[in-house]
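Below you'll find the structure, written out as structure tokens, and then a few comments.
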Amino acid sequence: MPDSGDCVTYDIMLRRRDFLKLVGAVGAGLFLDLYHADMVKALEYAATSGVKLVWMQGQSDTGCTISLLQGRNPDIYEAIMNLNLDIRFYPTIMAAQGAEAMSALNIEPDVLVIEGSIPGPEFSTVGERPVIELVKELAGKTKKAVVAVGTCAAYGGIPAASGNVTNSTGVQYSRSIKGGVLGSKFVSRAGLPVVNLPGCPAHPDHVLLTLAALILGNNIQLDEKGRPALFFKEKVHDQCARLEYFKNRDFATDFHETDISYKKCLLKLGCRGPLTCSDCATRQWNGGINACVHGGGAPCIGCFHEGFPDRMSPLFNKV
Ligand code: SF4
């Protein structure tokens, strides 16, 4: 990944071959070499049939969609064009309204993406139908994979925090307990459990590369929390640019010292990097420009953690 000064690289459209290399990195290491013929077949399928994608939103502030639209590696345009995605339903970006929009759901999606947590039937509806009902119905006829984008869809997130007056939960987990809306035994027609891509918001690279890998038939290794292991195998803390200050016990004790130029670790301002697994500290955000604990100058709030926000609260507390 280029450093923060090398923005030009991101403006170059990925060629198909480069794109496939990126996608190949999501699953088994030598995927491209081992399964080249299968991938060519999958690409031909995508190119001739189109891959039907439905993006359903529950209790969401659309933050994961905004994050996705800022993806740069690849960006969403490149992903849609390279994978020949046929996006049938996506409330934030679709032009269709009313009955015409709802009729787009009368399909068997190849991929069902869910953004936002899923509340009880009386709290969230689309086209006058409870979202929970639509999610169950669509998941039951999804051919390849159901993907929960963001901590809310994956584990419940903020709407399911303490109090939870809407009986909200994640798609296949409620916090760290398997179950959620679809139940612990749910698998897609292709035999996959729900693929969780937590984060508040989800990282656009995680979303686009995972979608691409699933569509192309890549064998994604999921961890015990249903996440692609590649992105979530290390703690934020272990990859943090401030790790040296932590080891030297140079701790910021006031929020005016959070700028990285002070060369302080943010642990004593409530940083949850030691508890949270994600590659966001090195992958960074906004096309590799920045990360919270890095130039962002903010303690990690643990937004990728299945217990967010309750287990991470109170945020920004001095310890
Ligand atoms: Fe760890 Fe947070 Fe300190 Fe970085 S700022 S070294 S993640 S405690």
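Just so you know, ligand 1 is whichever comes first in the structure, and atom 1 is the first atom listed for that ligand. Residue indices begin at 1 and follow the sequence shown. All of these numbers come straight from a predicted model, not from anything done at the bench.
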Proximal atoms of ligand 1 relative to Leu243 (non-hydrogen, under 4.0 Å): 6 (S)
Aromatic ring pairing Phe231/His206, orientation class (parallel under 30°, perpendicular over 60°, tilted between): parallel
Nearest-contact summary for atom 3 (Fe) of ligand 1 - protein heavy atom, Å: Cys265 SG, 2.4 Å
Non-hydrogen atoms of Ala291 and Trp285 that approach each other most closely: CA-CD1, 4.0 Å
Closest protein heavy atom to atom 2 (Fe) of ligand 1, given as residue, atom name and distance to 0.1 Å: Cys271 SG, 2.3 Å
Closest candidate by heavy atom, reference atom 1 (Fe) of ligand 1, pool His237, Lys268, Lys247: His237
Interatomic distance, Gln239 atom CD to Gln284 atom CD [nearest 0.5 angstrom]: 10.5 Å
Contact summary for Arg175 and Gly156, nearest pair of heavy atoms: NH1-C, 4.1 Å
Protein residue, atom and distance nearest to atom 5 (S) of ligand 1, heavy-atom basis: Leu266 N, 3.3 Å
Heteroatom N/O/S of Cys240 within less than 2.8 Å of atom 4 (Fe) of ligand 1: yes
Note: Glu244-Lys263 ion pair, threshold 4.0 Å (strictly below): no
